[in-house]
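Some notes on the structure that comes next.
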Amino acid sequence: MDKLNQTAEIIRVRFAPSPTGYIHVGNARTALFNWLFARQKGGVFVLRVEDTDIERSREEYERNLIQDLRWLGLDWDEGPDVGGNYGPYRQSERLELYHKYAKQLLDEGKAYYCFCSPEELEKEREAALAEGRMPVYSGKCRNIPRKEAEKRRAAGEPAAIRLKVPDEGIVEFDDLVRGHVEFDLKLIGDPIIVRSNGMPAYNYAVVIDDALMNITHVVRGEDHVSNTPRQILLYRALGWQPPVFAHLSMVMGKDNTRLSKRHGATSVDQFRREGILAEALCNYLAFLGWSPPEGHEVLRLEELVRLFDLSRVSRSAAIFDYEKLHWLNRQHIKMLPAEKKLELALPYLQETGLVGTEVTPAQMDWLKKAIEILIEGVDKFSELPQKFSLLFDFEPEKLDEEAREIIGSELAKKVLAAFIQKTAGLQEFNYEIFARITGEIKKETGVKGKDLYHPLRVALTARASGLELDKFIPLVEEGARLNFPKSILSCLVRLNRIKTSLNL
RNA sequence: GCCCCUGUCGUCUAGCCCGGCCUAGGACAUCGCCCUUUCAAGGCGGCAACACGGGUUCGAAUCCCGUCGGGGGCGCCA
């Protein structure tokens, strides 16, 4: 347990995903916790690719994985793409290593060949389950003499290699987040360490890799707790000292089942596309099961590194809350400089065709101002184009009920009539003119406040809600002169349209 | 079924290890008010939890036992 304090040795942790698709937020959290721990302790963070499942592993998945992790803001000191002194960092390139130690275990009589067929084993398992026992391998092949086993193998009989596990006793370990955990050896059968196709089994490969890579702390998901005793047994058989373990609780969906697609976005990639900031996602992920001693919740990566503490990680599963993620994202967006917001928002606006691929400096300048105003209260960047439709779309024929109601009152009609009359013949329009005119109307009719501004907003935007007009008018007037692919109508044009549309 | 882990507001959690400072704190969500040229944002305030049952103790969210709930595992997947 106190390997942490008692040694001056450098802390080495790893994140070891299998490249079988896009990286899930649950795994991302594991990666983040490892990274935070390493960075805070001045340790080493290793990326290792567990690609021994030939069926599911794809090279492109490794690229996705690296891309996602980098996007999150994580970096590693050793890994398949950056090298290091403990390589190779792909399990598929470490096969000789696994074979070497398997042979050693075989030679020392700590492991043996098993000729049982999968069908046979399946039958035994079912029988055990039916009797209410935990399915444990019978040890049938345990005592086949090595010579005989070699002969059968030479004859072409497929064989897996199993580790011999003591029949009695307990295996225990002190988990950094869960405390003391122990397992009864009676319930642990001899695990397969090398499959009959020659590939190492997961429980074996991790041990070889973690040990050879000098990993001091294994921080991983709770789903590995029950693998831990088997792995410890392997460390023992090899005469190695096991690392310190820390098992993180699972991330669940709203209905308390494992977070999956049906709960919404679950891959890092999806969040990135939606316009969730990496910092916000890290911030949120860090708070899934962990909280800093002081109450601040909106934290940047460096602050997380400073405050992070594995022993403060909670042991119970956490439900992924999109609302809170969005709130954090809003907070992080707010902290961004205007240039950065523009840079991040641009692709979304281009994608929806509001903005062309070529953007003039004047358009850029306008966009920066518009984004600064419209981003308020937006959960993620993908929602921004929707917000921009306030500026780009004007459809007086499609007023909603609320807008009709506002514009339908006697008072509203009076205001609109006056406004239209006072703007008739104007060649130019801006907020100063608007303010002057509304001032006059106020004086002449006595209408003020909401009664005055609501109808005017409906007239200028064709909707019941939107921006304050002192922000809206300058944006629209300037935007109207900028030749966007989809043009913005000036206020005077809008007024004309609404006039004909409503027959005023 | 068996094994392991876990159980504080709807959600994330603080407090638990070292019982009294807990009338259980914060954040998201929600509700209300304020601000206001709507909405939002912001400010202020409200609602809201120690799973249950037994102990131990002068005193228990905190310690012990049991029950129930939730999760994970039980692969020649990782």
Side-chain angles (χ1 to χ4, degrees), chain A residues 16-18 20 50-53 55-57 91 114 116-118 121-122 125 128-136 158-162 175 177-179 181-184 186-189 191-203 205-206 221-229 247 249-250 252 254 256-258 284 287-298 311-312 314-328 330 334 374-378 387 402-403 406 438 448-454 456-458 461 463-472:
Chain A
S18 45
T20 52
E50 310 216 327
D51 56 350
T52 51
D53 186 351
E55 315 266 297
R56 296 195 294 157
S57 297
Q91 289 193 326
C114 171
C116 298
S117 69
L121 295 169
E122 183 54 31
R125 184 172 308 118
L129 248 24
E131 281 173 48
R133 286 182 290 114
M134 205 156 130
V136 173
I161 301 175
R162 287 185 188 269
D175 191 291
V177 343
R178 326 203 85 87
V181 184
E182 44 180 68
F183 288 84
D184 192 334
K186 283 198 204 78
L187 302 165
I188 298 173
I192 285 181
I193 59 176
V194 179
R195 299 181 246 173
S196 54
N197 68 2
M199 291 301 267
Y202 167 77
N203 277 313
V206 246
E222 190 192 9
D223 45 341
H224 289 288
V225 174
S226 47
N227 285 324
T228 308
H247 289 99
S249 60
M250 308 268 78
M252 316 295 276
K254 259 237 152 0
N256 231 309
T257 62
R258 246 173 143 151
Y284 179 69
F287 272 79
L288 234 38
W290 170 80
S291 63
E294 307 266 334
H296 292 122
E297 298 206 354
V298 183
S311 67
R312 281 185 66 89
S314 96
R315 295 170 303 270
S316 53
I319 291 171
F320 195 93
D321 183 359
Y322 291 88
E323 299 267 14
K324 188 147 188 182
L325 169 64
H326 289 156
W327 175 78
L328 274 172
R330 292 201 301 265
K334 256 186 223 171
L374 291 170
I375 199 97
E376 280 269 315
V378 166
K387 283 281 203 168
E402 200 186 344
I406 291 172
T438 48
K448 55 181 181 173
K450 292 182 183 179
D451 291 336
L452 175 59
Y453 294 105
H454 278 210
L456 293 174
R457 178 183 298 104
V458 174
T461 68
R463 36 188 109 198
S465 70
L467 283 176
E468 283 91 345
L469 293 170
D470 58 345
K471 288 176 181 153
F472 176 83

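Just so we're clear, the structure is a prediction, and the values are computed from it rather than from any experiment. In what follows, every chain begins at residue 1, and chains take the letters A, B, ... in the order their sequences are listed.
Put simply, Arg312(A) has a side-chain N or O that comes within less than 4.0 Å of OP1 or OP2 on G15(B). Proximity of Arg125(A) to the phosphate of G75(B): a side-chain N or O atom is located under 4.0 Å from OP1 or OP2. For Lys334(A) and G42(B), the shortest distance from a side-chain N or O to OP1 or OP2 is below 4.0 Å. For the OP1/OP2 pair of G70(B) and a distance below 4.0 Å, the side-chain nitrogens and oxygens of Arg315(A) include no atom meeting the criterion. Of the side-chain N and O atoms in Ser226(A), none sit less than 4.0 angstrom from OP1 or OP2 of C4(B). Taking side-chain N and O atoms only, Arg195(A) has no distance below 4.0 Å to OP1 or OP2 of G75(B).
Taking a 6.0 Å sphere around CD of Glu294(A), one finds it holds 12 or fewer heavy atoms contributed by other residues, nucleotides or ligands.
Scanning atom types as modelled, no donor and acceptor separated by under 3.5 angstrom connect the side chain of Lys324(A) and the base of A29(B). Between the side chain of Ser465(A) and the base of C39(B) there is no donor-acceptor pair of N/O atoms closer than 3.5 Å. The base of C39(B) lies close enough to the side chain of Glu468(A) for a donor and an acceptor atom to sit less than 3.5 Å apart.
Along RNA chain B, the nucleotide closest to Asn227(A) and the one closest to Asn256(A) are compared, and the more 5′ of them pairs with Asn256(A). Mapping Arg457(A) and Pro158(A) onto RNA chain B by nearest heavy atom places Arg457(A) at the nucleotide closer to the 5' end.
Here Tyr453(A) packs flat against the base of U37(B); its ring centre is closer than 5.5 angstrom to the base's six-membered ring, tilted by less than 30 degrees.
Electrostatic pairing of Arg258(A) and Asp223(A) counts as a salt bridge here, judged by a charged N lying under 4.0 Å from a carboxylate O. With respect to the salt-bridge test (charged N to carboxylate O, under 4.0 angstrom), the residues Lys387(A) and Glu376(A) do not qualify.
Taking the P atom of each, A61(B) and G25(B) are spaced 14 Å apart, rounded to whole Å. Separation of the P atoms belonging to C64(B) and G19(B) is 11 Å when rounded to the nearest angstrom.
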* Give the C-alpha distance, both sets of side-chain angles, the deciding distance and a yes or no for side-chain contact (heavy atoms from CB on, under 4.5 Å) between His224(A) and Tyr202(A). => CA-CA 11 Å; His224(A) 289 288; Tyr202(A) 167 77; 2.9 Å; yes
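Among C76(B), G71(B), A78(B), the nucleotide with an atom closest to any side-chain atom of Met250(A) is G71(B).
The pairing partner recorded for A27(B) is U11(B), the criterion being a Watson-Crick or G-U wobble arrangement whose two distances lie under 3.5 angstrom. When both pairing distances are held under 3.5 Å, U56(B) makes no Watson-Crick or G-U pair with any nucleotide shown.
Ring geometry for Trp290(A) versus Phe287(A): interplanar angle over 60°, hence perpendicular rather than tilted (30 to 60°).
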